[in-house]
Amino acid sequence: MQHVLRFLGHDHLLAKRISGKRYQQTLGVHRRFLSLYYFASYEIVANVYFPGALGQLGRGLAKILRAKFGSDNVIMSDIVKPDLDIMRSGPYLYADILDREGLHNIVVTHRIDWLIHFSALLSAIGEQNLRLAMKVNIEGVHNILEVSRTHKLRVFIPSTIGAFGPTTPLENVQDFTIQRPRTIYGVAKVHTELLGEYYHERYGLDFRCLRFPGVISYETAPGGGTTDYAVQIFHDALKTGNHDCYLKPDTMLPMMYIDDCLRSLTEMMETDEANLRQRTYNVAAMSFTPHQLANMVRKFVPQLRITYNPDSRQQIADGWPKMFDDSNARRDWGWSHDYDLEKMCSTVIDGIRRLQQESTSALPIDYDVEVKQALDLHRSSGEPGEQKEIIQQAGQS
Ligand SMILES: NC(=O)C1=CN([C@@H]2O[C@H](COP(=O)(O)OP(=O)(O)OC[C@H]3O[C@@H](n4cnc5c(N)ncnc54)[C@H](O)[C@@H]3O)[C@@H](O)[C@H]2O)C=CC1
Ligand SMILES: CC(=O)[C@H](N)C(=O)O
């Protein structure tokens, strides 16, 4: 049946679960009807590989993809030691994205269809580890694109609000505008967007990319970015009632709750290629300042006090968009966010309280201290051999 559908011009991934009986039923029908028929009747099934799976976004995505495709069809990998829950939840492999042969090996051995590439050094930690950030965020992406081209994968690599810079008109940032970032993280993301689009044009690679805002989660810690305060403030509010913010009170940035972020990813990955008028889209949900966030958190935790001590992350934030225009994503593949500021705050606070009651040790409560220590410790370093230590110190809970 897979061959029949492929012959008829349909994505072979869609064909994987069509039973013999349905094959008989569908053989006689017109091609157009057949397309409608199985789009309505079958779920996409793919073997997915995603490196960088143990960061802030990866664990949640693994849960979603494993629920969709089955645990064994989703291979998580990273360069850090996973906890037991991860080991028990499905396949996990050590894989350094700087090792291209190793990536080929995984893709071939596990018959991978989709590659979702999450490995990165984020904006703040990237500035402190320049050479390493260049390796991981640029050379690593070369490896991912080459492996994806060779094996004809559908590949997703996220971009970010950090792919813009101070010369971008920052108020209502469109998909196509000036991009002159001033961090190595941003430079590498622009490089990723352009190279992925080039591979698409030149080789037909099914490259897909979303520019995410700062992502807010409570079960996983951020890995050393400029937007991390918007996670830490919740833990501080509930633990000590004091948050010391490294950004000024009026620094507005686009943000998104993790469920929306991961849903935008899966929805874009499942979109029929014909609907994608471009390869890189902005996605947006809300924008707020630290002052506005603190006020909303106080609705749920009235005792929160906030002080402001801007550090080097302020300069990065000053060059980033205040608001994203994501109308193309909404038009082309129906993107729509679910969480606004109030819903996000109430969900995060309820979630942390629930975890506290379950007295889990998985809370990333003091991660910001760990990130700061990692930044200090590795300010003048950045050799690849030191990477695992840097990554582990910078937010793995
Ligand atoms: N978290 C956010 O707010 C946003 C994230 N993104 C993008 O989403 C992706 C995932 O982000 P997060 O999960 O937040 O990042 P993270 O920093 O939490 O996790 C990155 C992971 O990459 C792994 N890694 C680093 N070097 C590696 C190597 N050489 N080989 C294999 N793995 C390696 C790390 O161990 C870590 O688990 C990144 O590309 C990031 O740029 C984009 C916009 C916002
Ligand atoms: C917005 C991002 O890409 C990330 N959270 C960072 O702050 O570096």
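For the numbers below, each heavy atom of this structure counts, side chains included, while hydrogens, waters and symmetry mates do not. Atoms within a ligand are numbered from 1 in the order they appear, just like the ligands themselves.
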Salt-bridged, Asp85 to Arg59, with N to O below 4.0 Å?
-> no
If you measure from CG on Leu238 to CZ on Phe300, what distance do you get to the nearest 0.5 Å?
-> 11.5 Å
Would you kindly say whether Thr220 and Gln56 are connected by a side-chain donor-acceptor distance under 3.5 Å?
-> no
Within-cut-off N or O pair, Val215 and ligand 1, under 3.5 Å | yes
Which ligand 1 atoms are under 4.0 Å away from a heavy-atom of Asp96?
-> 28 (C), 29 (N), 30 (N)
N or O pair under 3.5 Å between Ile97 and ligand 1 = yes
Are any of the heavy atoms in Gly140 under 4.0 Å away from ligand 1?
-> no
Residues forming a side chain to side chain contact (heavy atoms under 4.5 Å, CB included) with Ser77, sequence neighbours excluded | Tyr49, Pro51, Leu93, Ala95
Between the protein and ligand 2, are there any N or O atom pairs that come within less than 3.5 Å of each other, and if so, what are their names and distances?
unit_1	atom_1	unit_2	atom_2	d
ligand 2	3 (O)	Thr160	OG1	2.7
ligand 2	3 (O)	Tyr185	OH	2.6
ligand 2	5 (N)	Thr227	OG1	2.8
ligand 2	7 (O)	Ser123	OG	3.4
ligand 2	7 (O)	Thr226	N	2.6
ligand 2	7 (O)	Thr227	N	3.1
ligand 2	7 (O)	Thr227	OG1	3.4
ligand 2	8 (O)	Ser123	N	3.1
ligand 2	8 (O)	Ser123	OG	2.5

When you look for heavy atoms under 4.0 Å from ligand 1, do you find them on the side chain of Leu122, its backbone, both, or neither?
-> side chain
Are Arg313 and Tyr246 in a cation-pi contact, defined as NZ or CZ under 6.0 Å from the six-membered ring centre and within 45° of the axis?
-> yes
For ligand 1, which part of Pro213 has a heavy atom less than 4.0 Å away: the side chain, the backbone, both, or neither?
-> backbone
Will you find, in the side chains of Tyr199 and Glu146, an N or O donor that is under 3.5 Å from an N or O acceptor?
-> yes
Those atoms of ligand 1 less than 4.0 Å from some heavy atom in Gly214 = 3 (O)
Flag Ser159 as yes when one of its N or O atoms lies below 3.5 Å from any N or O atom of ligand 1, and as no otherwise.
-> no
Ligand 1 to Pro158, heavy atom cutoff 4.0 Å, flagged ligand atoms 7 (C), 8 (O), 9 (C), 39 (O)
Any idea which atoms of ligand 1 are less than 4.0 Å away from a heavy-atom of Gly223?
-> 17 (O), 18 (O)
Compute whether any side-chain donor of one residue and acceptor of the other, for Asp326 and Tyr281, lie under 3.5 angstrom apart.
-> no
For ligand 1, which atoms sit closer than 4.0 Å to a heavy atom of Ala95?
-> 30 (N), 31 (C)
Examine Asp78 against ligand 1 and note whether any of their N/O atoms are separated by less than 3.5 Å.
-> yes
Would you mind telling me if ligand 1 is within reach of the side chain of Pro51, the backbone, both or neither, using heavy atoms under 4.0 Å?
-> neither
Ring centre gap for His235 and His243 strictly below 6.0 Å = no
What atoms of ligand 1 come closer than 4.0 angstrom to any heavy atom of Phe212?
-> 42 (C), 43 (C), 44 (C)
Considering only heavy atoms from C-beta outward, does the side chain of Thr168 approach that of Pro321 to under 4.5 Å?
-> no
N or O pair under 3.5 Å between Lys189 and ligand 1 | yes
Does one side chain, of Glu127 or Ser312, offer a donor that lies under 3.5 Å from an acceptor on the other?
-> no
Numbering as shown, the atoms of ligand 1 that approach Thr160 to under 4.0 Å (heavy-atom distance) = 42 (C), 43 (C)
Would you please say whether a donor-acceptor pair under 3.5 Å links the side chains of Thr280 and Glu197?
-> yes
Does the side chain of Leu355 reach to within under 4.5 Å of the side chain of Glu219, using non-hydrogen atoms?
-> yes
Sub-4.0 Å atoms of ligand 1 with respect to non-hydrogen atoms of Leu54 = 37 (O)
Identify which one of Ile157, Leu265, Leu276 satisfies the side chain to side chain contact (heavy atoms under 4.5 Å, CB included) criterion when paired with Arg208.
-> Leu276
Trace of the salt bridge (charged side-chain N to carboxylate O under 4.0 Å, His left out) decision for Asp175 with Arg277 | CA-CA 12 Å; Asp175 285 325; Arg277 291 195 222 181; over 6 Å; no
Atom 6 (N) of ligand 1: which of Tyr94, Tyr185, Phe50, Phe118 has the nearest heavy atom?
-> Tyr185
Under a heavy-atom criterion of less than 4.0 Å, does Arg211 contact ligand 1?
-> no
Establish, from distance only, whether the side-chain atoms of Asn282 and Arg211 form a donor-acceptor pair under 3.5 Å.
-> yes
With a 4.0 Å cut-off on heavy atoms, does Ala53 reach ligand 1?
-> no
Charged N-O contact under 4.0 Å between Glu270 and Lys68 | yes
